[in-house]
Amino acid sequence: MGALPPGFPTNDDGERRHGRPVRLLIAGAGARGAAYARLAVATGLATVVGLAEPRAELRGRLANELGIPDGGVFDNWQAMLQSRLPADGIIIATPDREHAAPFAAAAAHGYPILLEKPVAVNPSGCADLDRLSRETGTRATVCHVLRYTPLTVLLKQILAGGAVGRIISVQHLEPVGFWHFAHSYVRGNWRREENSSPFLLAKCTHDVDWLSFIIGSRPVRVSSFGRLAHFRPEGAPEGAGRRCTDCPAEPRCPYSALKIYGAGRPPNGGRPDPARAYFADVVDPGGTPESLLHALATGPYGRCVYFSDNDVVDHQVVNIEYEDGTTAAFTATAFTAAGPRRTRIFGSHGEITIEAGAISVYDFLTGTTAVHPVPAAIAQVRGEKHEGGDRGLIAAWVAALAGGDWSGVVSGLDESLVSHAAVFAAEEARRNSAVVDVGRFSLSQ
């Protein structure tokens, strides 16, 4: 570890004293940063003492909600870190391409870092953060929240017990959801690679990381296929306008922004479901039905999905070979109903099916199926996602800061860089119709 942050109380062993909440800094109060901050406070072990966010409305809302003093609220992370607020850790949830600078500054101050994925948008950026972490001794954790879900915890226990013998191959599906994809990757912040990152990195680093975690082996070779197939001008219905609020084809378009955000007429004539309400709040934070309609009439989220400026793929498949010989076939697609990921694990002595909130294990010897219900993970704070993974990650990280036991934190920077290397290799494979060695992008062998 590097030097302890200013004001960080220690005992004779250099460990944090008990008896007061962990003090956190938050860089970025968008959807992810705000959810992590709320979850940290909800543990009862942490308080937010510093918040940096350039958007005044988001900054003010979260500061008021969490009771952050005026002296701890900033419009940029540079000012927050220059203030030298006594703190025990920092959550960095800035945009994808803006992780390096706050990471470097936080590492220089000696703060343990929780970093939203992706670590960086290219191999050189990952190498820079890896070097900084090693040079400063910074303890960096990446938000690979799927490692912390109740489903993953249960699945790891089942696999460790030898339920299906050795894992031979895996099929894994990320059903992004047609309306979720339209929101984030056609109209939203991740629609263009030059402004964010490739779709596989922005959305599916979670999944590639999770596969390595479950299989317990490092990826060595990949192939990949995918393209932008549907959200293009030639896909538009006849007579489509450029904006949903005045489009004659809107009533018969499933990607209508009015339908997706429940503006005027929620899906099926009822109330918008919580997930869609969450995205509506992204479009028009804290707004009214009237202001939401105005936002759709004037802002990016009301544009026709067929006439946007998006360029990321809308479907992709990745095939992965691991060091131990296991193979995995991963599919991510926009063209699904949004829902939990679905997985099938094929072992030497049995088969596992994961869907509908349960893990089913079929035993080849006995011909019987054991069904293991996954503990329900009801969201406890606004913006919490990933079936309990957000909560599990934050609980583990805050507990480690509070007590010094890091055994529950299983998504360190080293582990994350393995999955990033696989994603970079997969993107090269997709672009060049090739089988690519992951080792070309790995920082450690």
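All values derive from a computational prediction rather than experimental measurement. Computed over heavy atoms, backbone and side chain alike; hydrogens, waters and symmetry mates excluded.
For the residue pair T353/Y362, the side-chain donor-acceptor check at 3.5 Å is not satisfied. A donor and an acceptor atom, one from each side chain of E323 and S217, are nowhere located under 3.5 Å apart. With no hydrogens or angles considered, a side-chain donor-acceptor pair links D96 and W190 at under 3.5 Å.
A donor-acceptor pair under 3.5 Å links the side-chain atoms of K156 to the main chain of F213, judged by distance alone. Looking at R192, its side chain does come within 3.5 Å of a backbone N or O of D309 through a donor-acceptor pair. Checking side-chain atoms of S419 against main-chain N and O of S416 turns up a donor-acceptor pair under 3.5 Å. In this structure, N76 contributes its side chain and Q78 its backbone to a donor-acceptor pair below 3.5 Å. Side chain of R344 to backbone of Q171: no donor-acceptor contact under 3.5 angstrom is found. Although no hydrogens or angles enter the test, the distance criterion places no donor-acceptor pair under 3.5 Å between the side chain of E135 and the main chain of L132. Panel note: side chain D284, backbone L292; a donor-acceptor pair is recorded below 3.5 Å. In this structure, the side chain of D437 does not engage the main chain of R440 through any donor-acceptor pair within 3.5 Å. R243 places a side-chain N or O within donor-acceptor distance of the main-chain N or O of A297, the cut-off being under 3.5 Å.
Screening W179, Y301, Y261 against F279 for a ring-ring contact (aromatic ring centres under 6.0 Å, His included) leaves a single residue, W179. Tested against Y322, the residues L211, V220, V438 include a single side-chain contact (heavy atoms from CB on, under 4.5 Å) partner, L211. For the side-chain contact (heavy atoms from CB on, under 4.5 Å) with W210, the qualifying choice from T205, I215, V145, L146 is L146, the only one to do so.
Among all heavy-atom pairs drawn from A35 and V381, the shortest one is O-CG2, 4.3 Å. The two residues I90 and A27 come nearest to each other via the heavy atoms CD1-CB, 4.5 Å. Taking all atoms of both residues into account, the shortest heavy-atom contact from V398 to A40 is CG2-CB, 4.1 Å. Among all heavy-atom pairs drawn from L62 and A29, the shortest one is CD2-CB, 3.9 Å. Looking at every heavy atom in both residues, K117 comes nearest to C143 through CG-O, 4.0 Å. In terms of heavy atoms, V176 sits closest to T336 at N-OG1, 3.6 Å.
Summarising the local packing, CZ of R221 is surrounded by 12 or fewer heavy atoms from other residues, nucleotides or ligands at distances under 6.0 Å. Few gaps surround NE2 on H230; more than 12 heavy atoms of other groups in view lie less than 6.0 Å from it.
Taking 4.5 Å as the limit, some side-chain heavy atom of D130 sits within range of a side-chain heavy atom of L417. When side chains are defined from C-beta on, L24 does not count as touching V41, because their heavy atoms never get closer than 4.5 Å.
Between E65 and R61 there is no salt bridge, since no side-chain nitrogen of the basic residue lies less than 4.0 Å from a carboxylate oxygen of the acidic one. Salt bridge status for R232 with E234: present, with a side-chain N to carboxylate O gap under 4.0 Å. A salt bridge links D207 and R341; the closest N-O separation between the charged side-chain nitrogens and carboxylate oxygens is under 4.0 Å. Salt bridge R38/D390: absent, no basic N to carboxylate O contact under 4.0 Å.
Judged by the 6.0 Å and 45° rule, R32 forms a cation-pi pair with Y36.
Among residue pairs with one or both ends in residues 231-250, those qualifying as ring-ring contact (aromatic ring centres under 6.0 Å, His included) are F181-F231, F231-Y255, F231-F335; sequence neighbours excluded.
Considering CG of L200 and CD of E193, their distance stands at 10.0 Å, rounded to 0.5 Å.
The six-membered or imidazole ring of H206 lies near that of H386, with a centre-to-centre distance under 6.0 Å.
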**OP:** Evaluate side chain to side chain contact (heavy atoms under 4.5 Å, CB included) for F330 paired with S224, printing each intermediate quantity in order.
**Re:** CA-CA 9 Å; F330 169 57; S224 182; over 6 Å; no

**OP:** Show your reasoning for whether side chain to side chain contact (heavy atoms under 4.5 Å, CB included) applies to V222 and N319.
**Re:** CA-CA 5 Å; V222 299; N319 293 317; over 6 Å; no

**OP:** Apply side-chain hydrogen bond (donor to acceptor under 3.5 Å, both in side chains) to E427 and Q316, showing your working.
**Re:** CA-CA 10 Å; E427 275 301 286; Q316 189 164 356; 3.0 Å; yes

**OP:** Might you work through the side chain to side chain contact (heavy atoms under 4.5 Å, CB included) test for T94 and H99, ending with a clear yes or no?
**Re:** CA-CA 6 Å; T94 51; H99 287 173; 3.2 Å; yes

